[in-house]
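Note that these values count all heavy atoms, side chains included, but never hydrogens, waters or copies made by symmetry.
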Amino acid sequence: MPPAPVLIVGAGPSGLNLALALIRRSVQCRLIPEADGPGEESRAMVVQARTLEFYGQYGLAAEVIERGVVAETAHVREGGSGGSREVLSISFKDMGAGLSPYPFALAYPQDDHERFLIEKLKDAGCEVEWGAKLTAFRERENGIRATIEHNTGRVEEAESEYICGCDGARSCVRETLQLGFPGGTYEQLFYVADVKIARCFSRDLYINLGKHILTLMFPVRSSGMQRLIGLVPSELSHRDKLGFEDIRAHIEPLLDIKVTELNWFSTYRVHHRVADKFRVGRAFLVGDAGHIHSPAGGQGMNTGIGDAVNLGWKIAQVLQYRAGKSLLDTYEPERIGFARSLVSTTDRAFTGLVGEGVAGEFTRKIVAPLLFGVATRFSPGRHAIFRTISQMRIHYPDSPLSQGVAGDVHGGDRLPWTGVHAEDNFEPLRSLDWQAHVYGEVGKDLEIACGELHLPLHVFALSDGTKDAGLKRDALYLVRPDGYVALALLEQSVSTLRAFVERFHLRFQATCYPNRIGHNSKAEQGFGNEDRG
Ligand SMILES: Cc1cc2nc3c(=O)[nH]c(=O)nc-3n(C[C@H](O)[C@H](O)[C@H](O)COP(=O)(O)OP(=O)(O)OC[C@H]3O[C@@H](n4cnc5c(N)ncnc54)[C@H](O)[C@@H]3O)c2cc1C
């Protein structure tokens with residue numbers, strides 16, 4: 001058998017998602033994590049709507065949602081270790097209604113999430129090779145030669161066309177490429193604990209913000225436990241060994257809970273860094289290997305998954321000779337810009353929330369409640385916050401792959417969803433392939449051109465949903481395999497479409513979808529407002 005063309009180093013959420021993106025497109029890969037088995041630590045707790053939309057493309061979203069807990073309400077508390085009280089309750093219900101088939105955030109611990117992906121990869125014939133550590137690699141004329149040390153003691157020299165460093169913050173791939181990882185480390189020490197509490201399992205989210213205080217409590221459906229994440233009191237943060245009992249008296253009053261059972265407890269420091277580059281030749285950085293930031297906002301894991309989705313379809317198309325190699329040049333500019341802005345925003349938010357002095361106090365006591373107050377009352381405010389936190393706002397305006405504007409939709413934007421009451425324009429995205437969308441009437445020339453190019457063409461009826469989404473009547477939208485708009489043209493210009501296709505040497509394949517999408521697939525996409533829970 002020829003060697004798999006893609007070597008994925010690491011099987012965290014980024015590596016597993018990259019493997020999924022390749023395997024679902026029939027591209028073989030090897031997945032080699034140093035770890036001996038799946039992660040036991042839950043770490044990331046929140047799966048954002050944009051990530052669920054990607055899982056919707058694979059037909060996996062319904063299962064993921066079933067295994068997690070849809071976060072409906074957040075209880076904001078105030079007060080210290082001497083006692084606290086609830087000052088605000090924020091409803092997340094319908095926060096993103098009409099914007100996404102998944103108008104909520106999902107609490108789904110990272111360890112459960114990783115096991116789910118491992119299971120799905122296994123079903124697709126891709127086995128994770130546990131206990132296989134990358135120790136070195138070099139690029140040669142036609143590919144990569146990597147040295148892998150197996151936990152059995154065997155040392156292997158492996159060949160591949162590409163190597164993808166999904167190997168976390170201490171990435172061997174990044175270090176071998178001698179790339180800088182500038183940034184810093186926050187002074188504060190975080191704790192994370194899995195606990196049972198005296199009152200019954202709560203599906204809600206609890207937050208306590210105060211001077212030197214940041215404490216969160218999430219639900220974990222699979223174990224019926226609660227996840228606690230927060231800041232260790234500064235007077236204890238320099239201790240050599242710290243256990244849950246050392247901080248129990250500090251935590252319990254903050255959330256008004258009594259912990260009856262402890263599953264695990266750990267402490268960690270948070271960094272904020274972005275690598276100088278995400279690609280050198282045939283080597284790529286994905287996820288924490290390329291960027292790390294504070295957990296404020298629940299963005300880290302979701303950003304790594306977004307990287308993997310972005311890179312996966314591009315490598316697949318290049319390996320299948322369905323696009324020129326220049327397609328791979330678009331990965332770094334599309335993802336590094338977002339990583340840099342995310343690191344600076346989470347840095348500002350984190351420093352504002354937990355920092356010393358007036359700025360921190362002001363953010364916690366005045367800005368945060370105001371923001372949440374607006375967010376709970378007015379739909380535009382709620383939608384704006386949802387778009388940002390859910391990662392729906394991520395777009396690639398400066399990418400070489402982005403061109404034109406039609407209606408409110410620019411080349412590089414996420415294809416807007418047309419809502420539960422319109423024909424479901426996300427349904428065809430399940431082909432995981434390029435496609436043309438027209439909302440209104442399609443002209444004969446475009447129909448002929450799409451036929452000749454083997455480009456699937458989907459025509460949708462106009463509706464309030466298409467109008468609200470900002471899609472322009474009769475415009476042409478060329479949609480990428482990851483659901484972003486590449487080309488947005490007011491006119492159905494066949495020559496512009498053909499020039500774009502030529503520029504990237506794209507070759508399309510007709511898919512099994514019907515020309516006209518006449519139904520909503522409620523089974524998978526239909527987590528509309530009435531079906532949630
Ligand atoms: C407490 C905590 C809470 C968090 N909360 C959130 C949240 O709510 N939302 C969110 O989005 N993010 C959150 N994050 C961040 C999130 O956990 C990370 O962003 C995510 O794990 C990154 O995934 P990854 O696959 O890139 O890397 P990792 O999960 O770090 O995986 C790295 C993989 O590489 C392997 N590896 C390492 N070196 C080698 C080598 N030399 N050879 C082979 N394999 C190797 C490891 O075995 C592992 O499989 C949180 C993080 C922490 C610590």
Side-chain angles (χ1 to χ4, degrees), residues 53 56-57 96-101 103 379-380 383-384 386-387 392-397 399 401-431 433-501 506 508 510-511 513-522 525-526 528:
E53 290 178 355
Q57 287 190 250
L99 297 179
S100 170
S379 180
H383 275 183
F386 183 80
R387 275 183 216 274
M392 276 170 48
R393 204 189 281 283
I394 294 176
H395 62 309
Y396 310 125
S399 170
L401 268 181
S402 307
Q403 190 181 324
V405 52
D408 298 337
V409 181
H410 292 68
D413 287 353
R414 157 191 169 273
L415 177 73
W417 185 55
T418 48
V420 270
H421 303 300
E423 292 172 319
D424 187 355
N425 68 334
F426 273 21
E427 170 80 13
L429 300 183
R430 294 177 70 175
S431 70
D433 217 334
W434 288 94
Q435 52 201 269
H437 284 202
V438 171
Y439 298 82
E441 296 295 321
V442 67
K444 198 82 203 142
D445 287 354
L446 179 62
E447 222 169 303
I448 293 170
C450 288
E452 287 172 359
L453 291 167
H454 303 289
L455 173 65
L457 170 62
H458 301 282
V459 186
F460 301 86
L462 288 169
S463 66
D464 286 348
T466 57
K467 202 170 131 219
D468 292 348
L471 293 155
K472 184 85 181 157
R473 176 189 196 132
D474 300 344
L476 166 63
Y477 298 98
L478 177 65
V479 184
R480 307 171 7 165
D482 55 359
Y484 286 85
V485 173
L487 198 56
L489 296 177
L490 269 179
E491 309 285 327
Q492 295 175 14
S493 166
V494 167
S495 57
T496 312
L497 173 66
R498 285 189 189 276
F500 185 92
V501 168
L506 302 177
F508 304 122
T511 62
Y513 281 94
N515 191 288
R516 179 168 277 279
I517 309 300
H519 64 282
N520 284 340
S521 172
K522 286 264 163 38
Q525 304 273 14

Flag the pair D464 / H421 as yes when at least one side-chain heavy-atom distance between them is below 4.5 Å, and no otherwise. no
Determine, stepwise, if the pair N425 / W417 fulfils side chain to side chain contact (heavy atoms under 4.5 Å, CB included). CA-CA 6 Å; N425 68 334; W417 185 55; 3.5 Å; yes
Distance-minimising heavy-atom pair for G465 and A422: CA-CB, 4.4 Å
Do the non-hydrogen side-chain atoms of Q492 and D474 ever get within less than 4.5 Å of each other? yes
Are T418 and Y439 side-chain neighbours, meaning at least one heavy-atom pair lies under 4.5 Å? yes
When you measure from the side chain of Y477 to the backbone N and O of A406, does any donor-acceptor pair fall under 3.5 Å? yes
Are any of the side-chain heavy atoms of L455 and L478 separated by less than 4.5 Å? yes
Evaluate the criterion side chain to side chain contact (heavy atoms under 4.5 Å, CB included) for residue pair L453 and L497; output intermediate values, then yes/no. CA-CA 10 Å; L453 291 167; L497 173 66; 4.1 Å; yes
To the nearest 0.5 Å, atom CZ of R414 lies from atom CZ of R480 at 13.5 Å
Quick one: list whatever passes side chain to side chain contact (heavy atoms under 4.5 Å, CB included) with D445, sequence neighbours left out. V494
Taking the side chain as C-beta and beyond, is there a heavy-atom pair between L429 and Q435 under 4.5 Å? yes
Pairwise distance CG(L489) to NZ(K472) - rounded to 0.5 angstrom: 14.0 Å
List the atom of S493, the atom of T496, and the distance in Å for their closest heavy-atom pair. OG-OG1, 2.6 Å
If we only count heavy atoms from C-beta on, is the H383 to M392 side-chain gap below 4.5 Å? no
Distance (rounded to the nearest 0.5 Å) between H458 NE2 and D424 CG: 12.0 Å
Starting from the C-alpha separation in whole Å, work towards a yes-or-no answer on side chain to side chain contact (heavy atoms under 4.5 Å, CB included) for R387 and L99. CA-CA 8 Å; R387 275 183 216 274; L99 297 179; 3.4 Å; yes
What is the minimum heavy-atom distance between D408 and D413, and which atoms define it? O-OD2, 3.8 Å
What distance do L462 atom CG and L471 atom CG have between them, rounded to the nearest 0.5 Å? 9.5 Å
Heavy atoms of P397 and S402 approach each other most closely as O-CB, 4.1 Å
Measure the acute angle between the ring planes of F460 and H437, then classify it against the limits of 30° and 60° as parallel, tilted or perpendicular. tilted
Which of parallel (below 30°), tilted (30 to 60°) and perpendicular (above 60°) describes W434 and F500? perpendicular
Could you check whether E423 and S463, counting side-chain N and O atoms only, form a donor-acceptor pair closer than 3.5 Å? no
Looking only at atom types and distance, does a side-chain atom of R473 sit under 3.5 Å from a main-chain N or O of T466, one as donor and one as acceptor? no
Kindly indicate whether the side chain of E53, heavy atoms from C-beta on, has any atom under 4.5 Å from the side chain of S100. yes
Ignoring hydrogens, what is the shortest heavy-atom contact between A488 and G411? Give both atom names and the distance. CB-N, 4.1 Å
